[in-house]
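Take a look at the structure below.
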Amino acid sequence: MKVWAGALASGLVALAVWQGVVSATGLPRFILPGPGLVGETVWESRALLAEHGLITVTEVLAGLLLGIVVGCISAVFLAASPLARTLVGPILVFSQAIPVFALAPILTLWFGYGLGSKIAMALLIIYFPITSSFFDALMRTNRDWLDLARVMGAHPARVMWHIRIPAALPGLASGLRLAAVYAPIGAIIGEWVGASKGLGYLMLLANGRAKADLMFAALIVLAAFTIFLRAGIDKLANRILE
Amino acid sequence: MFRDIRLDVAAGQWTCLLGASGVGKSTILKIFSGLNDEIVLNGTVSASDGGLTNRVTLMAQDDMLLPWLSAQNNVLLGARLRGERPDAARSRAMLAKVGLVGKAASRPRALSGGQRQRVALARTLMEDRPVVLLDEPFSALDALTRARMQELSAELLSNRTVLLVTHDPGEAARLGHAIKVMTPAGIEDFAQPNGTVPRPMDDIGVLTTQARLYSRLCRPS
């Protein structure tokens, strides 16, 4: 309860500062709209925001789901096979030297203007945090447990399933928390580069037409979604750690 | 690391290997349990009736319980890891043997140090291997709990071939059908006290042997 009260108070402070800046500087509404106007726009354009928001939410959730699945499989595969580590490990590290944003245009070319390129973008941006955090945790299994398993005559795949993966879940959880914040960034970048729907597209459109209030309205919807996503993933992460 | 070492462990009884820290007792256990990846072994390890592979079970100072599993599932871990059907009834029976009725569903963090070590003992019993290797299993326990665990283990692991590695002369004097002292010079036999294992803590023979073991360990070899 205290946390919520604190969040509410700090939100009110932010709104007051925002309104204060608008009143003090007298900036025109197409440069910096006040919180009241943005709130009004959120309400008036709710159908538009919902339509585009739904697209972005779909992209983010699909990218997140695929990224988690592909990232977990990669991490387990790399942890299980020294050959895979030797062959694929350096490629993975090198691929991280490429800024994912730089790939957005080519992804649009490959996967089109629809959902595909944005999902690919979200997937790519979360893939590495998930894979590396889970993989690192899989490689840090308590030596005593592994020795015990060996003396018990365990099969390596069963050691992975019954000991290494459960022991590595805290690492996966921290990767998931990062992914929840990164995935919306990926989707929005994808929409900026080429889209006809989505909150990123709506922001560019509003910006181009000097509708700063709509731009901010879209931004607030996106931020609210990211916060909910983050809270949801947090709940999920705490559950798998139980 | 070692010079020539010869260690005979008689079948069906407790052999206590006593030595100071760092003398290489645990290395010997690693060799017996087949975990000697990083140890160059110029020699052989064998049992009089065949090899040791899959006939050994291990219990150490750390209980090695998996914190996310209940006591019962920890006891069943070996079966799961080998892909055998877990025998729930037998695992409950083992927990009952070590005095943990009603604790089957408890996670390790809800148990005391002594109780956790009992779960580890139940897991060791569940494995049902002829050779049991004990690596200072009681040294992290308080004195009273340690004495009780020694008695319980001696009772439940009687008739098995047990190699107990310890740095506690009192423990060796109480539990060893045979006592070996390990020093940097090698391994030597040491006369064990009379009486059946587990010998009482206040037995005069046990106390004398304990004192003699202490002075043997303190003497430069």
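Numbers restart at 1 for each chain; the letters A, B, ... are given by sequence-line order, proteins then strands. As the structure is a computational prediction, the values presented were derived from the model and not from experiment.
Counting heavy atoms from C-beta outward, A/L148 and B/R123 have side chains that approach closer than 4.5 Å.
Atom CG of B/D142 has more than 12 heavy atoms from other residues, nucleotides or ligands within 6.0 Å. Heavy-atom neighbours of B/R148 CZ from other residues, nucleotides or ligands within 6.0 Å: at or below the threshold of 12. Heavy atoms of other residues, nucleotides or ligands lying less than 6.0 angstrom from OH of A/Y127 number more than 12.
For A/A157, no part lies near chain B; criterion is any non-hydrogen pair under 4.5 Å. There is no contact between B/L69 and chain A, counting heavy-atom distances below 4.5 Å. Heavy atoms closer than 4.5 Å to chain A are found in the backbone of B/T57, but not in its side chain. When heavy atoms are compared at a cutoff of 4.5 Å, A/I163 approaches chain B by way of both its backbone and its side chain.
Atom CG of B/D62 and atom CG of A/D144 lie 5.5 Å apart (nearest 0.5 Å). Remark: A/R150 CZ to B/L58 CG distance equals 11.5 Å, nearest 0.5 Å.
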Which pairs of donor and acceptor atoms, one on a side chain in residues 95-113 of chain A, lie under 3.5 Å apart (sequence neighbours left out)?
unit_1, atom_1, unit_2, atom_2, d
A/S95, OG, A/L92, O, 2.6
A/T108, OG1, A/A104, O, 2.8

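Between A/V151 and B/R129, the shortest heavy-atom contact is O-NH1, 3.3 Å. The two residues A/P166 and B/W68 have their closest heavy-atom pair at CB-CE2, 3.2 Å. For the pair B/L81 and A/M152, the tightest heavy-atom approach, listed with the atom from each and the gap, is CD1-SD, 4.0 Å.
Heavy-atom pairs under 4.5 Å with chain B were tallied for A/A167, A/P156, A/A149; the largest tally goes to A/A167.
Partners of B/R80 according to the salt bridge (charged side-chain N to carboxylate O under 4.0 Å, His left out) rule, which considers only residues two or more places apart in sequence or in another chain, do not exist here.
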